[in-house]
Student: 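Got a structure for you, written out below as structure tokens; questions coming shortly.
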Number of protein chains: 2
Amino acid sequence: MKKKLENLPYKLENIFKPLVAVDILIFSIIENELKILLIKRKFPPFENAWAIPGGFVGENESLEQAARRELSEETGLAQIDLFLEQLFTFGEPQRDPRGRVISVSYYALIPASKIGELRAKTDASQTCWYAVSKLPKLAFDHTDIIKYALERLRYKMEYTNASYSLLDEEFTLTDLQKVYEVVFARTFDKRNFRKKILSLSIIEPIGKKVVRGVHRPAGLYKFSNRQLFVKEIIEP
Amino acid sequence: MKKKLENLPYKLENIFKPLVAVDILIFSIIENELKILLIKRKFPPFENAWAIPGGFVGENESLEQAARRELSEETGLAQIDLFLEQLFTFGEPQRDPRGRVISVSYYALIPASKIGELRAKTDASQTCWYAVSKLPKLAFDHTDIIKYALERLRYKMEYTNASYSLLDEEFTLTDLQKVYEVVFARTFDKRNFRKKILSLSIIEPIGKKVVRGVHRPAGLYKFSNRQLFVKEIIEP
DNA sequence: TCAAAAGTGTTGCAAATACACCCATGT
DNA sequence: ACATGGGTGTATTTGCAACACTTTTGA
């Protein structure tokens, strides 16, 4: 095979090779707000501006592996069952002053309870969770990327079980409803919400109750399936 | 700015740079079947195997420009109002024996009537339209890519006006229904289909009729908007 | 006994589905 | 006059949206 590859009508080493980066948008619900993890850039370009964390892809890692590595470096989390999905690949020639950079973006959802100490990376002097409704001015085209990610996130939550990744394994129906209310920035009717969620059969009661205040205990539920699951869209 | 970029804690020239290719899945409806344009590879790897057309990204073109260039090279079509959308970026380290290739895939929809002479490219000894239900064995992971594209295409056709790009500017309601029936591989009730499509206000009658056989003439319609248009998913 | 959240059903409306016949045309 | 696809309306079902009160608990 090696031999055959020498007969190409072009030389591989003459083909233009851009830098390839992976950016990761890490979302979580913290204090009843949808927040995203941003870093303050320590080096040019956009030194000191807030930005989506990311890094260059290593020679022997897949794009998703690179995204998981970044996710783990930023949050200390490396679980397999975390929601992580490719978002879009940006490749405008002029988007990065360092030269041609193709940026493959991913977005991840993590439960607030699992966020440990945030780690400062070599290329970040600070790290901060920002509510998506109150973003600072961002480096590159990162504001647009976040806006696009929010559309996708809302859409995903409509027709998949993606919300499993914003909650603990065990949760109450009110917890789940709050997740939807925060992501969609609106309220839902409690009775209708429960009816609908239960009719989808993506969660099931675990038979336990939890007392969380001076009121009636709430039943606990879990997702039947902690992999991404798409409901049927087309009627059979 | 140039000066600042010299103080980086890393050397840009030491960072790994993969090859970046753009693959394009070109769909059209031909003879009542959903077909995709494939090329027979003239050079290794996968010499003589059928594959999705593609090529490397040029130094000064955006990813979408590269996709449009490939589309135009393969089909001779370069219209702006053609449906063209990014599909996914594949980057497994071992997917191409030539070395690390990141492949950004796009998919396009073109009307059968506009397909002219197919052009043979330098890296294709043959070009052929295959029905997606009868694909040959394909190079790389291209079978999976097509499968994924079909899911996206069906989904897009459910909640957008993407079908404008599979039809001529003027079409009958039966033409439109056939497009949906071919893509979803099922039939629809004529009355319900018309009611639904018309209620969406994405097409409008142009007031002309066309006689196409020994039967009553059919009214012609056009899409009100030949850019991608997403219907509202969330109720306000 | 009170405050606070949990839990639970029904009704009306809108949208989707199922379904069958007449119309305009060219031969 | 007939074969062919074009064109149309209604009844039924289903899913969504609006809406309010009782229960359980700890203080």
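Treat the numbers as computed from the prediction; the structure is a model and nothing was measured.
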Student: Could you tell me whether A/Glu151 and A/Lys147 make a salt bridge, using a distance below 4.0 angstrom between a side-chain N and a carboxylate O?
Tutor: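 Between A/Lys147 and A/Glu151 there is no salt bridge, as every charged N stays at least 4.0 Å from the carboxylate O atoms.
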Student: Between C/dT25, C/dA5, D/dA27, spot the one nearest the side chain of A/Val214, thanks.
Tutor: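 So the side chain of A/Val214 is nearest to D/dA27.
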Student: For A/Tyr221 and for B/His215, find the nucleotide of DNA chain C with the closest heavy atom, then tell me which residue's nucleotide is more 5'.
Tutor: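 Closer to the 5' end of DNA chain C: A/Tyr221.
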Student: Return no unless some side-chain N or O of B/Thr174 is found under 4.0 Å from OP1 or OP2 of D/dG5.
Tutor: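 B/Thr174 to D/dG5 OP1/OP2: no side-chain N or O under 4.0 Å.
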Student: Distance check needed: C/dG12 P versus A/Asn192 CG, whole Å only.
Tutor: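 Spelled out: CG on A/Asn192 to P on C/dG12 is 16 Å.
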Student: With a 4.0 Å cut-off, would you call B/Lys195 and B/Asp189 a salt bridge?
Tutor: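 So B/Lys195 does not pair with B/Asp189 through a salt bridge.
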Student: Using the salt bridge (charged side-chain N to carboxylate O under 4.0 Å, His left out) rule, take B/Arg186 and B/Glu181 through it: C-alpha gap first, then chi angles, then the decisive distance, then the call.
Tutor: CA-CA 5 Å; B/Arg186 54 164 287 198; B/Glu181 290 185 338; over 6 Å; no
Student: From C-beta outward on B/Arg194, which listed nucleotide comes closest to its side chain: D/dG6, C/dG9, D/dG26?
Tutor: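 Nucleotide nearest to B/Arg194's side chain: D/dG6.
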Student: Atom OH of B/Tyr159 to atom C1' of C/dA15: distance rounded to whole Å?
Tutor: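 For the pair B/Tyr159 OH and C/dA15 C1', the rounded distance is 21 Å.
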Student: Do any side-chain nitrogens or oxygens of B/Arg212 fall under 4.0 Å of OP1 or OP2 in D/dG5?
Tutor: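 Checking D/dG5 against B/Arg212, no side-chain N or O comes under 4.0 Å of OP1 or OP2.
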Student: Determine whether a donor-acceptor pair (one donor, one acceptor, N or O, separation below 3.5 Å) exists between the side chain of B/Lys195 and the base of C/dA16.
Tutor: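 Such a pair does not exist between side chain and base.
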Student: For B/Leu198 and D/dG7, give me the distance from atom CG to atom P, rounded to whole Å.
Tutor: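 The distance from CG of B/Leu198 to P of D/dG7 comes to 11 Å, rounded to the nearest Å.
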Student: Taking the six-membered ring for Trp, is the centroid-to-centroid distance between A/Phe171 and A/Phe223 below 6.0 Å?
Tutor: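 Centroid separation for A/Phe171 and A/Phe223: below 6.0 Å.
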Student: Nearest of C/dT25, C/dG7, C/dT17 to any side-chain atom of A/Lys209?
Tutor: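 Selected nucleotide (nearest to the side chain): C/dG7.
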Student: CD of B/Gln177 versus P of D/dG5: gap in Å, rounded?
Tutor: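 Checked: the CD to P distance equals 14 Å.
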Student: Name the residue closer to the 5' end of DNA chain D, choosing between A/Lys190 and B/Arg191 according to the nucleotide with the nearest heavy atom.
Tutor: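 In this pair, the answer is B/Arg191.
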Student: Mapping A/Pro217 and B/Leu220 to their closest nucleotides on DNA chain D, which lands nearer the 5' end?
Tutor: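 Final value for this comparison: B/Leu220.
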Student: Measure from the side-chain heavy atoms of A/Arg216 and tell me the nearest of D/dT24, D/dG6, D/dC19.
Tutor: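 Per side-chain heavy atoms of A/Arg216, the pick is D/dT24.
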Student: Please determine, for the side chain of A/Lys196, which listed nucleotide (D/dC16, C/dA18, C/dC23) has the closest atom?
Tutor: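 Among the listed nucleotides, the one closest to the side chain of A/Lys196 is D/dC16.
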Student: Between P on D/dA17 and CZ on A/Arg186, what's the gap in Å once rounded to a whole number?
Tutor: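 One finds 8 Å between P of D/dA17 and CZ of A/Arg186, rounded.
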